[in-house]
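Notes follow the structure.
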Number of protein chains: 2
Amino acid sequence: MRPLFHPALKDIKPEAILYALSDPERVAIFVKLAGANSGGTCSALADLGDRVIPKSSLSNHFKVLRESGLVLSERQGVEMRNQTRCTELDERFPGLIKAILTAYGQLPGQPKTD
Amino acid sequence: MRPLFHPALKDIKPEAILYALSDPERVAIFVKLAGANSGGTCSALADLGDRVIPKSSLSNHFKVLRESGLVLSERQGVEMRNQTRCTELDERFPGLIKAILTAYGQLPGQPKTD
DNA sequence: ATCAACAGTTCCGAATTTCCGAACTATGGA
DNA sequence: TCCATAGTTCGGAAATTCGGAACTGTTGAT
């Protein structure tokens with residue numbers, strides 16, 4: 001297994017962020033991670049309620065999230081610990097993540113007003 | 001030629017906005033439109049400096065921008081007048097467009113601090 | 001040490017999407 | 001009417017996405 005790639009903060013591209021978050025499944029995953037109710041493992045995030053994401057697809061989603069700079073993944077024993085890079089990201093792209101999650105009506109702790 | 005489709009404000013989906021603006025060429029077009037230095041016609045926006053977008057591709061870009069709700073197009077004689085729907089959009093998704101354009105370092109009248 | 005179980009990745013083929021040249025359509029002017 | 005211009009649609013090659021099956025790496029049990 002080749003080592004997981006994470007871009008340095010300065011190398012994070014807005015187009016990659018927008019692309020990654022233009023898929024509602026990935027948004028759902030990212031939001032759950034940001035909420036951090038789960039342990040941040042992949043399999044804990046597979047269940048979307050209406051559908052269970054196949055694991056190869058899930059692995060792909062995480063790859064996209066990771067390589068866009070949205071998520072940090074590190075192996076911990078047999079499983080993968082994932083966390084968002086929100087704090088860093090907000091430094092590089094102020095307000096971006098918040099505005100996106102708000103648009104999706106998914107900003108944690110903020111009820112949908114829609 | 002079938003009539004051009006524009007979504008109603010309430011039907012605009014964040015995923016469509018993000019997808020549309022995850023392509024740097026479309027962002028460049030959108031920024032030029034927002035700046036409105038050009039007349040807003042398609043052909044006036046084809047020249048990106050480093051490359052001229054082929055017209056079928058340009059037409060496709062406008063379709064994506066239009067159907068995502070970012071742009072309003074109306075025929076005026078032989079040409080097409082395009083304008084952004086920024087004001088409406090900011091009502092529906094507060095701060096989103098601004099945050100995205102800032103991330104791209106392309107907010108009109110705002111120099112890149114990068 | 002070997003084996004089994006499990007989390008996640010990689011491989012690869014089918015289906016979908018993107019890209020763009022060529023053909024086409026609509027409008028206005030000579 | 002015929003031509004020029006602005007943009008759309010068509011169609012096929014190339015690239016991307018999706019997901020099942022096979023694989024890898026780690027842990028725990030025997």
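Each chain gets a letter, A, B and so on, in the order its sequence line appears, and its residues count up from 1.
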Exercise for the section: Give the rounded distance in Å between these two atoms: CG of A:Asp23 and P of D:dG19. Expected result: 10 Å

Completion exercise
Closest heavy-atom pair, A:Ser22 versus B:Tyr19, reported as atoms and distance to 0.1 Å, is CB-N, 3.4 Å

Practice task
Would you sort out whether A:Phe62 and A:Arg26 count as a side-chain contact (heavy atoms from CB on, under 4.5 Å), showing the intermediate values?
Solution key: CA-CA 8 Å; A:Phe62 271 100; A:Arg26 278 192 293 264; over 6 Å; no

Completion exercise
note: B:Arg75, atom CZ; D:dT8, atom C1'; distance rounded to Å ~ 9 Å

Practice task
Quickly work out the B:Lys63 NZ to C:dC20 P distance and round it to whole Å.
Solution key: 16 Å

Practice task
May I ask you to say what B:Ser57 touches in the nucleic acid, namely base, sugar-phosphate or nothing, with a heavy-atom cut-off under 4.0 Å?
Solution key: base

Handout entry: Shared hydrophobic cluster, B:Ile17 / A:Val31 (ILVMFWY, side-chain heavy atoms < 4.5 Å)
Key = yes

Exercise for the section: For B:Glu79 and for A:Pro54, find the nucleotide of DNA chain D with the closest heavy atom, then tell me which residue's nucleotide is more 5'. Expected result: B:Glu79

Practice task
Report the distance from atom CG of A:Leu58 to atom C1' of D:dA21, rounded to the nearest whole Å.
Solution key: 17 Å

Fill in the blank from the handout: The nucleotide from C:dT9, C:dC19, D:dG7 with an atom nearest the side chain of B:Cys42 is D:dG7

Handout entry: Check: B:Lys98 main-chain N/O paired with B:Thr102 side-chain donor or acceptor under 3.5 Å
Key = yes

Exercise for the section: Of all the heavy-atom pairs spanning B:Leu9 and B:Leu89, show the shortest one and how long it is. Expected result: CD1-N, 4.3 Å

Exercise for the section: Can you figure out which of D:dA22, C:dT10, D:dT8 approaches the side chain of A:Lys55 most closely? Expected result: D:dA22

Problem - Length of the CG-C1' vector between A:Asn60 and D:dG19, whole Å - result: 9 Å

Handout entry: Between C:dT10 (P) and A:Phe62 (CZ): distance, integer Å
Key = 14 Å

Problem - Below 4.0 Å: OP1/OP2 of D:dG7 and any side-chain N or O of B:Ser43 - result: yes

Fill in the blank from the handout: Quick note, B:Tyr19 side chain, CB onward, closest among C:dC20, C:dT18, C:dG8 is C:dT18

Handout entry: Residue B:Ser56, side-chain atoms from C-beta onward, closest of C:dG8, D:dT5, D:dT9
Key = D:dT9

Completion exercise
Separation of D:dG7 atom P from B:Phe5 atom CZ, nearest Å, is 21 Å

Exercise for the section: Measure the distance from CE on B:Met80 to C1' on D:dA6 and round it to the nearest whole Å. Expected result: 9 Å

Exercise for the section: Classify the nucleic acid contact of A:Arg26 as base, sugar-phosphate or nothing, counting any heavy atom under 4.0 Å across all strands shown. Expected result: nothing

Practice task
Respond yes when some side-chain nitrogen or oxygen of B:Arg81 is under 4.0 Å from OP1 or OP2 of D:dG7, and no when none is.
Solution key: no

Handout entry: Among C:dC19, D:dG7, D:dA22, the one nearest B:Thr41 by side-chain distance
Key = D:dG7

